[in-house]
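By convention here, the first residue in the shown sequence is residue 1. For clarity, every value in this text was computed on a predicted model and none was experimentally measured.
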Amino acid sequence: NLQKLSLYGDTCVLQQEGLLDSSNLHQIHQGDKKINEIQQLFMELLSNSRQLRWLSCSFMLGLVTPCSLACLSNPSAETLQHLSLLDHQLGPLISPSELDRLSKLQSLALDFSDLTSELCGLLASPCRTPLHRLSLLLNGAALEFKPLEGTATEDDWKALVRVSANLRVYIMALEVDSSELLRVLKPSLPLERLHLDSYSTLVTDATLELISQQYNKTLTHFLLLRDDPDFPDLSVNRNEDPLVLLAWRCTQLAVLVIHG
């Protein structure tokens, strides 16, 4: 029986301004089938699975709906270890009740806005298998429609880490203003990998300072990418370059990529 299902679409949707009109989704054809027929086939596959361990669906415009996971069979809900649902065009794709069914999850990937305080509280339950990896996508273009209000708080992260002591977090931030980054980078968040990718937003030296001080014991990968030719001089009016300080302070840092 099927144990791994991975569907990966086009990441160009991350650069769309705003949300796609839902009426357009019904005009999408894949293999001569309309998107609603593809949705139905996907839900039938979930309901017929019996030992699914890995389920990943990323940027598949409208394929996954908030109702999709309800179709996952009970046997697969008990065996699923990895779940990835990334689609900034829709609201939350997993409800608290559906997450509660997936008690064996060890790895989870979501839009950052979907990691609510309630979901984080469920993940912190001692009745669940401890979570090992949490991957979060923070897309600045979608924050107007999927705001950060109600997302995990510092207390939520503390509770989660108490239960999942080996948890490591990967954050990919696309076109995110530094003020928004400072909102989500909580002190108790066990950040291992951080990818900052921007075209027009600036990463300030204050942000780098916070990262290098808060995550000096956990950060192993840091990627700073920028397409604008005017890459900012992060060492303005300072004696030390904050990137040099970050590399020095983060004792576990193994990969440092600066591109721009």
>> Can you tell whether the side chains of Glu78 and Arg50 come within less than 4.0 Å, N to carboxylate O?
In response: no
> Between Leu93 and Val64, what is the shortest heavy-atom contact and its length?
Replying inline: CD2-O, 3.6 Å
> Just by modelled atom types, is the Gly150 backbone N or O under 3.5 Å from a matching donor or acceptor in the Ser117 side chain?
Replying inline: no
> Between Asp114 and Lys146, does at least one N-O distance fall below 4.0 Å, as a salt bridge requires?
Replying inline: yes
> Are Leu256 and Leu185 connected in the hydrophobic side-chain network, where two residues link if heavy atoms are under 4.5 Å apart?
Replying inline: yes
>> Are the side chains of Ser47 and Ser73 in contact, using a 4.5 Å heavy-atom criterion?
In response: no
> With distance as the sole test, does Ser76 use its side chain to make a donor-acceptor pair with the main-chain N or O of Leu52 at under 3.5 Å?
Replying inline: yes
>> Ignoring hydrogens and geometry beyond distance, is a side-chain donor-acceptor pair present between Thr79 and Gln51 at under 3.5 Å?
In response: no
> How close do Cys250 and Leu219 get, heavy atom to heavy atom, and via which atoms?
Replying inline: SG-CD2, 4.0 Å
> Once you round to the nearest 0.5 Å, how far does CG of Leu119 lie from OG of Ser95?
Replying inline: 8.0 Å
> Which atom pair, heavy atoms only, marks the closest approach of Leu181 to Ala173?
Replying inline: CD2-CB, 4.0 Å
>> Does Glu154 form a side-chain hydrogen bond (donor to acceptor under 3.5 Å, both in side chains) with Ser188? I'd like the steps, not just the answer.
In response: CA-CA 6 Å; Glu154 170 67 2; Ser188 295; 2.5 Å; yes
> Do the side chain of Ser164 and the main chain of Leu131 share a donor and acceptor less than 3.5 angstrom apart?
Replying inline: yes
> Can a donor-acceptor pair be found between the side chains of Ser113 and Asp111 at a distance below 3.5 Å?
Replying inline: no
> When rounded to the nearest 0.5 angstrom, what distance separates OG in Ser107 from CG in Leu105?
Replying inline: 8.0 Å
>> Walk me through whether Arg53 and Lys4 qualify under side-chain contact (heavy atoms from CB on, under 4.5 Å).
In response: CA-CA 6 Å; Arg53 298 179 183 277; Lys4 181 175 181 177; over 6 Å; no
>> I want to check something: taking the side chain as every heavy atom from C-beta on, are Leu223 and Asp197 in contact at a cut-off of under 4.5 Å?
In response: no
>> Give me the atom names and distance for the closest heavy-atom approach of Leu160 to Cys120.
In response: CD2-SG, 3.9 Å
> Under a 4.5 Å side-chain heavy-atom rule over Ile, Leu, Val, Met, Phe, Trp and Tyr, are Leu7 and Met43 clustered together?
Replying inline: no
> Roughly how far apart are His259 NE2 and Leu225 CG, rounded to 0.5 Å?
Replying inline: 6.5 Å
> If you round to the nearest 0.5 Å, how far is CG of Asn216 from CZ of Arg249?
Replying inline: 8.5 Å
> Would Glu149 and Arg183 satisfy side-chain contact (heavy atoms from CB on, under 4.5 Å), going step by step from the backbone distance to the final call?
Replying inline: CA-CA 10 Å; Glu149 282 70 25; Arg183 288 182 62 188; 3.4 Å; yes
> Would Val203 and Leu208 satisfy side-chain contact (heavy atoms from CB on, under 4.5 Å), going step by step from the backbone distance to the final call?
Replying inline: CA-CA 8 Å; Val203 177; Leu208 292 178; 4.2 Å; yes
> How far apart are the closest heavy atoms of Leu72 and Leu80, and which atoms are they?
Replying inline: CD2-CD2, 4.3 Å
> Do Val161 and Val169 belong together in a cluster built from hydrophobic side chains that touch within less than 4.5 Å?
Replying inline: no
>> Tell me which pairs pass salt bridge (Lys or Arg N to Asp or Glu O under 4.0 Å) where either residue lies in residues 119-142, with sequence neighbours left out.
In response: Arg133-Glu192
> Considering all heavy atoms of both residues, which atom of Tyr215 and which atom of Lys186 are nearest to each other, and what is their separation?
Replying inline: OH-O, 2.8 Å
> Distance from Leu55 atom CG to Ser6 atom OG, nearest 0.5 Å?
Replying inline: 8.5 Å
> Under the side-chain contact (heavy atoms from CB on, under 4.5 Å) criterion, do Ile171 and Leu189 qualify, and how do the steps go?
Replying inline: CA-CA 11 Å; Ile171 293 179; Leu189 188 158; 4.1 Å; yes
>> Grouping I, L, V, M, F, W and Y whenever their side-chain heavy atoms are under 4.5 Å apart, do Leu246 and Leu182 come out in a common cluster?
In response: yes
> Side chains of Leu2 and Leu5: does their closest heavy-atom pair fall under 4.5 Å?
Replying inline: yes
> Which pairs count as salt bridge (Lys or Arg N to Asp or Glu O under 4.0 Å) when at least one residue sits in residues 93-109, sequence neighbours excluded?
Replying inline: Glu98-Arg101
> Quick one: SG on Cys71 to CZ on Phe42, what's the gap to the nearest 0.5 Å?
Replying inline: 9.0 Å
> Between Leu194 and Leu224, is any pair of side-chain heavy atoms under 4.5 Å apart?
Replying inline: no
>> Please tell me whether Thr207 and Ser178 have a donor and an acceptor in their side chains that are separated by less than 3.5 angstrom.
In response: yes
> With a 4.5 Å limit on heavy-atom distance, are the side chains of Leu134 and Leu136 in contact?
Replying inline: yes
> Does Val184 share a hydrophobic cluster with Val176, counting links as ILVMFWY side-chain heavy atoms below 4.5 Å and allowing steps through other members?
Replying inline: yes
> Got Leu123 and Val163 here, is their nearest side-chain heavy-atom distance under 4.5 Å?
Replying inline: no
> Do Phe222 and Leu243 have side-chain heavy atoms sitting under 4.5 Å apart?
Replying inline: yes
>> Within the structure provided, determine whether Leu99 and Leu69 are in side-chain contact (heavy-atom separation under 4.5 Å).
In response: no
